[in-house]
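Below is one structure, written out as structure tokens; the observations come after it.
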Amino acid sequence: MSKYLVSFGDSDKYEVDFPGTLEEFKNSDKVKDLVEKVESFLKEKFPTNKFEDIVPLHIEEADGTTQYPKLDAATVSEIVKNAVTQIGVEKFTSKLNLNAPFDKI
């Protein structure tokens, strides 16, 4: 059984056990379901954004020396909360940049 680390954007990393290679895990139903859950929640709050640009999915192999929390229903809600915060920061930063003194140059 292999261990993989999953995160979205700047979220914490969460550990997932999977009986296959990294490539198999990336293409698995487990990952597709996770992405679908996160994106469907975000689409309700931010209907027009491209989420993969702001909160991209990162998957890597765990090195086995560091313990990370297991990915479960509770941690998915933490990922979603963090993604909402990241999107809010991105929107605020974009608004600040538009109001910059030299935005027309």
Side-chain angles (χ1 to χ4, degrees):
M1 182 79 59
S2 299
K3 293 183 188 260
Y4 299 102
L5 301 178
V6 175
S7 64
F8 281 84
D10 293 332
S11 76
D12 292 335
K13 294 180 180 181
Y14 297 96
E15 191 174 282
V16 179
D17 294 327
F18 186 78
T21 65
L22 178 62
E23 200 59 38
E24 290 171 336
F25 179 62
K26 286 181 179 180
N27 296 315
S28 71
D29 289 338
K30 200 173 210 177
V31 171
K32 289 176 187 170
D33 289 343
L34 174 63
V35 170
E36 192 174 292
K37 284 179 187 176
V38 171
E39 285 188 351
S40 67
F41 180 84
L42 294 177
K43 284 179 182 174
E44 289 177 21
K45 290 197 169 284
F46 309 100
T48 60
N49 284 11
K50 289 181 67 177
F51 307 111
E52 60 273 3
D53 294 340
I54 300 171
V55 287
L57 172 65
H58 299 287
I59 299 174
E60 61 187 86
E61 290 188 50
D63 63 8
T65 59
T66 308
Q67 292 291 329
Y68 291 93
K70 294 281 187 193
L71 183 66
D72 58 17
T75 55
V76 170
S77 69
E78 290 177 24
I79 289 172
V80 168
K81 286 179 193 175
N82 187 287
V84 168
T85 301
Q86 288 181 62
I87 291 170
V89 168
E90 177 70 23
K91 286 180 164 281
F92 181 73
T93 302
S94 295
K95 187 174 180 179
L96 282 177
N97 288 343
L98 287 176
N99 291 325
F102 301 106
D103 69 327
K104 303 286 190 244
I105 295 177

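Enclosure of atom NZ in Lys81 is not indicated, since only 12 or fewer non-hydrogen atoms of other residues, nucleotides or ligands lie within 6.0 angstrom.
Inter-residue side-chain proximity for His58 and Lys13 is flagged as unmet; no heavy-atom pair is nearer than 4.5 Å. Contact of the Ile79 side chain with the Val38 side chain is registered, since non-hydrogen atoms from C-beta on lie closer than 4.5 Å. Contact check for Phe41 versus Val76: no side-chain heavy atoms found under the 4.5 Å cut-off. Put simply, the side chain of Tyr4 does not reach to within 4.5 Å of the side chain of Glu15, judged on heavy atoms. In this structure, the side chains of Val31 and Lys26 stay at 4.5 Å or more apart for every pair of heavy atoms. Considering only heavy atoms from C-beta on, Phe8 comes within 4.5 Å of Leu34 through its side chain.
Note that the CD1 atom of Ile59 and the OG atom of Ser28 stand 7.5 Å from one another [nearest 0.5 Å]. The distance from the CD atom of Glu61 to the OG atom of Ser2 is 6.5 Å, given to the nearest 0.5 Å. To the nearest 0.5 angstrom, Asn27 atom CG is 9.5 Å from Leu22 atom CG. The CE atom of Met1 lies 6.0 Å from the CG atom of Asp17; values are rounded to the nearest 0.5 Å.
Nearest heavy atoms, Leu71 versus Thr75: CA-OG1, 3.3 Å.
Scanning for side-chain hydrogen bond (donor to acceptor under 3.5 Å, both in side chains) contacts around Thr65 gives Asp63, with sequence neighbours left out.
In this structure, Tyr68 has its ring center at least 6.0 angstrom away from the ring center of Tyr14.
With Val16 as the fixed residue, the side-chain contact (heavy atoms from CB on, under 4.5 Å) test singles out one of Leu5, Asp72, Val6: Val6.
Legend: salt bridge (charged side-chain N to carboxylate O under 4.0 Å, His left out) pairs involving residues 31-42, not counting sequence neighbours: none detected.
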